[in-house]
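Input: a single structure, listed below in structure tokens.
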Amino acid sequence: MRGKKASVCGGRSRKQEREIAPLIGSWFRSGARALPWRVLPKVGATRRDPYHALVAEAMLQQTQVSRVIEKYAAFVARFPTVLDLARADEQDVLAMWTGLGYYRRAQHLHAAARTIVDDFGGCVPSDVESLRSLKGVGRYTAGAIASLAFDEPAPIVDGNVARVLLRVHGKDAASDDADIQEWLWSTAQALAAATDHPGDVNEGLMELGATICVPAPSRPACERCPIAVACAARASRSQMEIPRPKTRGARAEVTCVALRVTRSDGAVLLVRRPARGMWANMWQVPTAEHAGLEVDLDASVQQLAQSLGVHIKRSRVAESFEFLATHRRMMFHVFRATDRGSARSVVSGPRHTDCSEPQSVARFVLLEQAAELPMSSPQRRIVLGSEAR
DNA sequence: AAATCGGGGCC
DNA sequence: GGCCCAGATTT
């Protein structure tokens, strides 16, 4: 049953894909945004540098273009070639990722660079299968690099493409549905096969989704859309209902008790998080995490101080703020203390705290050096102040 | 199939 | 206050 349905839809969509592919391609060439990763490597080049495409695609996963713009140029300047990235220290790669979130992407990109150097002679592969063998490169990213950097007729489906295609075909569905996903990929495949310029069509699809066919509750600018004539959602005025919103679970509530210990020279006591889980391998002030919001802050900070060898006479919350992530709501309560030598035992040698503690080794770090360490956004705020980025 | 993994912008 | 974003990997 599903096979028959798929073949019927596939036949119909291929015809429509032949109609809209050239419209999207020429629309994209006629005036797309000038984004840093769209700059061609040299005069006369027609395709982008594959390494730059790899970096950009890794950064752009689940991340808005405006946020990547702030980080992309500095990352490429720090690691100009795939060899530079392969040879870099992971802490430096992570540090350049600070603020972007999903930090595992940075570790995967780093590993991918090493694979490219070790197994592919330092050249980013052009075929989807080889690309997918790289860490952090899935179906979308492989298709994006193959098509955008090498003009291979490979399909891509991201949030933008899914929204555009579902609207054009008037499909009132949630884009994370498994059957819909397969339909999207086969439609995107037909689109890439229906043109001599798959790179422009694919990037045009995303550009369309990002600038014209925007998600609700924003209103799509159908009057400026190059494929409005072929759009079923526009015909039935159902743009705002497509795609159906995804269902998300409630955020887990977490209380974080952070202790910022300052030495007389201004250095701050930092610990590194474990290699697994959230903010893996990143630095922070000693912080205790508790499930829920009803936590005895005083008891928590006293225990934290004791585990560090820091004596606190009287504890008082210096600052509290909320940090929201997709699936967590974290309340940070920051305590401050001044070290008068009692924590020196912490400095003299690595000291491992209990396994249940969210951190391992503690050491004092001058603020100037701390600014170079990989830190999560809330911890960067605690260590460097809310102005620091 | 569901959970995990950030963070900010927008309405 | 909810939803989204140039997704991939693990369980």
Side-chain angles (χ1 to χ4, degrees), chain A residues 32-33 35-38 48 52-72 94 97-109 111-112 131-149 155-164 174-179 181 184-185 188 199 202-211 213-219 240 243-252 254 273 276-282 321-330 374-381 389:
Chain A
R33 294 170 296 175
L35 301 176
W37 47 93
R38 285 181 180 163
R48 307 207 302 242
H52 292 172
L54 172 63
V55 172
E57 292 306 331
M59 280 192 178
L60 285 160
Q61 289 167 7
Q62 289 294 287
T63 307
Q64 285 166 349
V65 164
S66 58
R67 186 109 336 256
V68 175
I69 287 176
E70 301 169 5
K71 303 287 177 181
Y72 172 81
L94 266 180
W97 212 268
T98 285
L100 274 176
Y102 286 155
Y103 297 94
R104 200 162 46 180
R105 294 181 294 169
Q107 298 168 322
H108 286 159
L109 177 60
L131 285 164
R132 286 210 59 172
S133 73
L134 302 173
K135 276 273 200 312
V137 178
R139 202 174 179 180
Y140 161 78
T141 304
I145 295 171
S147 61
L148 304 191
I156 58 165
V157 176
D158 71 336
N160 288 313
V161 175
R163 185 173 55 257
V164 171
S175 53
D176 55 358
D177 178 274
D179 289 338
Q181 272 294 312
L184 285 167
W185 279 98
N202 279 350
E203 197 157 17
L205 266 173
M206 292 190 286
E207 183 80 359
L208 201 50
T211 63
C213 196
V214 293
S218 296
R219 193 166 296 279
M240 298 293 280
R244 262 190 38 204
K246 299 169 185 170
T247 55
R248 284 194 179 79
R251 273 194 261 256
V254 181
R273 295 180 62 91
R276 301 178 70 87
M278 192 139 92
W279 298 316
N281 285 335
M282 299 175 76
F321 63 91
E322 180 190 59
F323 175 79
L324 291 172
T326 301
H327 50 284
R328 273 176 236 260
R329 176 174 174 240
M330 309 177 93
M375 283 187 288
S376 67
S377 287
Q379 290 291 339
R380 178 159 286 262
R381 169 177 174 166
R389 286 289 160 187

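Heavy atoms only: backbone and side chains are in, while hydrogens, waters and symmetry mates are out. The sequence lines fix the lettering, A, B, ..., with proteins before strands; numbering per chain opens at 1.
Every residue meeting the side-chain contact (heavy atoms from CB on, under 4.5 Å) condition with A:Pro378, not counting sequence neighbours, appears here in chain and number order: A:Trp279, A:Phe321, A:Phe323, A:Phe332, A:Ser376. Under the rule for a side-chain contact (heavy atoms from CB on, under 4.5 Å), the partners of A:Thr141 that lie at least two apart in sequence or sit in another chain are A:Glu57, A:Gln61, A:Val137, A:Ile145. In terms of the side chain to side chain donor-acceptor pair (under 3.5 Å) criterion, A:Gln62 has no residue partners (sequence neighbours excluded). In this structure, A:Asp176 has no side chain to side chain donor-acceptor pair (under 3.5 Å) partners at least two apart in sequence or on a different chain. Qualifying salt bridge (charged side-chain N to carboxylate O under 4.0 Å, His left out) partners for A:Arg67, counting only residues two or more places apart in sequence or in other chains: A:Glu70. A search for salt bridge (charged side-chain N to carboxylate O under 4.0 Å, His left out) contacts involving A:Arg329 returns A:Glu253, A:Glu322, not counting sequence neighbours. In this structure A:Pro245 satisfies the side-chain contact (heavy atoms from CB on, under 4.5 Å) test with no other residue, sequence neighbours excluded. Applying the salt bridge (charged side-chain N to carboxylate O under 4.0 Å, His left out) test to A:Arg38 and every residue at least two apart in sequence or in another chain returns A:Glu203, A:Glu207. Not counting sequence neighbours, the partners of A:Asp177 by the side-chain contact (heavy atoms from CB on, under 4.5 Å) test are A:Asp179, A:Ile180.
Sequence order on DNA chain B of the closest nucleotides to A:Arg328 and A:Pro217 puts A:Arg328 first from the 5' end. Toward the 5' end of DNA chain B, the nearer of the two residues A:Pro378 and A:Arg104, judged by each one's closest nucleotide, is A:Arg104. Take the nearest nucleotide of DNA chain C for A:Leu35 and for A:Arg276: the residue whose nucleotide is more 5' is A:Leu35.
Interatomic distance, A:His327 NE2 to A:Arg251 CZ, rounded to the nearest 0.5 Å: 10.0 Å. A:Arg380 contributes atom CZ, which lies 5.0 Å from atom OG1 of A:Thr98 (distance to the nearest 0.5 angstrom).
The interatomic distance linking A:Met375 (CE) with B:dG7 (P) rounds to 12 Å, in whole Å. Atom-to-atom, NZ of A:Lys246 to C1' of B:dT4 comes out at 15 Å; the value is rounded to the nearest Å. In this structure, CG of A:Leu324 is placed 10 Å from C1' of B:dG7, rounded to the nearest angstrom. Taking atom CZ of residue A:Arg105 and atom C1' of nucleotide B:dG6, one finds them 8 Å apart after rounding to whole Å. When the P atom of B:dG6 is taken as reference, atom CZ of A:Arg380 falls 15 Å away, rounded to whole Å. Rounded to whole Å, atom P of B:dA3 lies 13 Å from atom CZ of A:Arg248. Summarising the geometry, the separation between CZ on A:Arg219 and P on B:dC10 is reported as 18 Å, rounded to the nearest angstrom. If you take CD of A:Glu322 and P of B:dG7, they are 14 Å apart, rounded to a whole angstrom.
Of the residues in residues 59-69 of chain A, those lying under 4.0 Å from DNA chain B by heavy-atom distance are A:Gln62, A:Thr63, A:Gln64, A:Arg67. Less than 4.0 Å separates DNA chain B from no heavy atom of any residue of residues 132-145 of chain A.
Looking only at side-chain heavy atoms (C-beta outward), A:Leu184 and A:Val161 stay at 4.5 Å or farther from each other.
Taking the 5' to 3' direction, DNA chain C first and last meets chain A under 4.0 angstrom from a heavy atom at C:dC3 to C:dT11.
Within the 4.0 angstrom heavy-atom criterion, only backbone atoms of the sugar-phosphate kind lie near A:His108; the bases stay farther away. At a threshold of 4.0 angstrom between heavy atoms, the contacts of A:Trp97 with the nucleic acid are absent. Counting non-hydrogen atoms under 4.0 angstrom, A:Gly277 reaches the backbone sugars and phosphates but no base. Base contact: A:Leu100 has a heavy atom under 4.0 Å from a base atom. Using a 4.0 Å heavy-atom criterion, one finds that A:Gly99 contacts the sugar-phosphate atoms exclusively. When heavy atoms are screened at a 4.0 angstrom cut-off, A:Met278 is found touching the sugar-phosphate backbone but no base atom. Residue A:Arg329 is classed as having no contact, given no heavy-atom separation below 4.0 Å to the nucleic acid.
To the nearest whole angstrom, the two C1' atoms, one in B:dG6 and one in C:dC5, are 12 Å apart. Nucleotides B:dG8 and C:dA8 place their P atoms 23 Å apart, quoted to the nearest Å.
Look at A:Ser377 and you'll find a side-chain N or O under 4.0 angstrom from OP1 or OP2 of B:dG8.
No more than 12 heavy atoms of other residues, nucleotides or ligands shown are found within 6.0 angstrom of CZ on A:Arg219.
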